[in-house]
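Working notes for the structure below.
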Amino acid sequence: MKPKWSLARKGEQSVLNRRLVNFMLGEEEDYRRHLFGAAAKGDLAAQEELRRTYHVRIYSASERAQLACHNEALVSPGRRKRMKQR
């Protein structure tokens, strides 16, 4: 149900709504970026927040090295050489 009156004019209301949505999305991006940075440094609370809220898991450098990559295009050239030497 639309309100009968508004402080903004008809055209201004959509602009104000867009600005509000952009501001809220920007805040969420900043918060997520902060969580990713903290989780990468080893903050367990940030890792748990990412898991619970965004269903994301942060892998350490040693865990990433252990992951198998089946797509040759995604494997770095240095790693490709090491894989062929084995």
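- Listed by first then second residue, pairs satisfying side chain to side chain donor-acceptor pair (under 3.5 Å) with a partner in residues 32-42 read Asp30-Arg33, not counting sequence neighbours.
- Here CZ of Arg51 is found 8.0 Å from CG of Leu44. Values are rounded to the nearest 0.5 Å.
- Note that CZ of Phe36 and CD of Glu29 are 11.5 Å apart. Values are rounded to the nearest 0.5 Å.
- For Ala39, the side chain to side chain contact (heavy atoms under 4.5 Å, CB included) test picks out Ala46, Gln47, Leu50, Ile58, with sequence neighbours left out.
- Cluster note: Tyr59 groups with no other residue, as no ILVMFWY side-chain heavy atom lies under 4.5 Å from it.
- Residue pairs meeting the salt bridge (charged side-chain N to carboxylate O under 4.0 Å, His left out) criterion with at least one partner in residues 52-62, sequence neighbours excluded, are Glu49-Arg52, Arg57-Glu63.
- The distance from the OH atom of Tyr31 to the OG1 atom of Thr53 is 6.5 Å, given to the nearest 0.5 Å.
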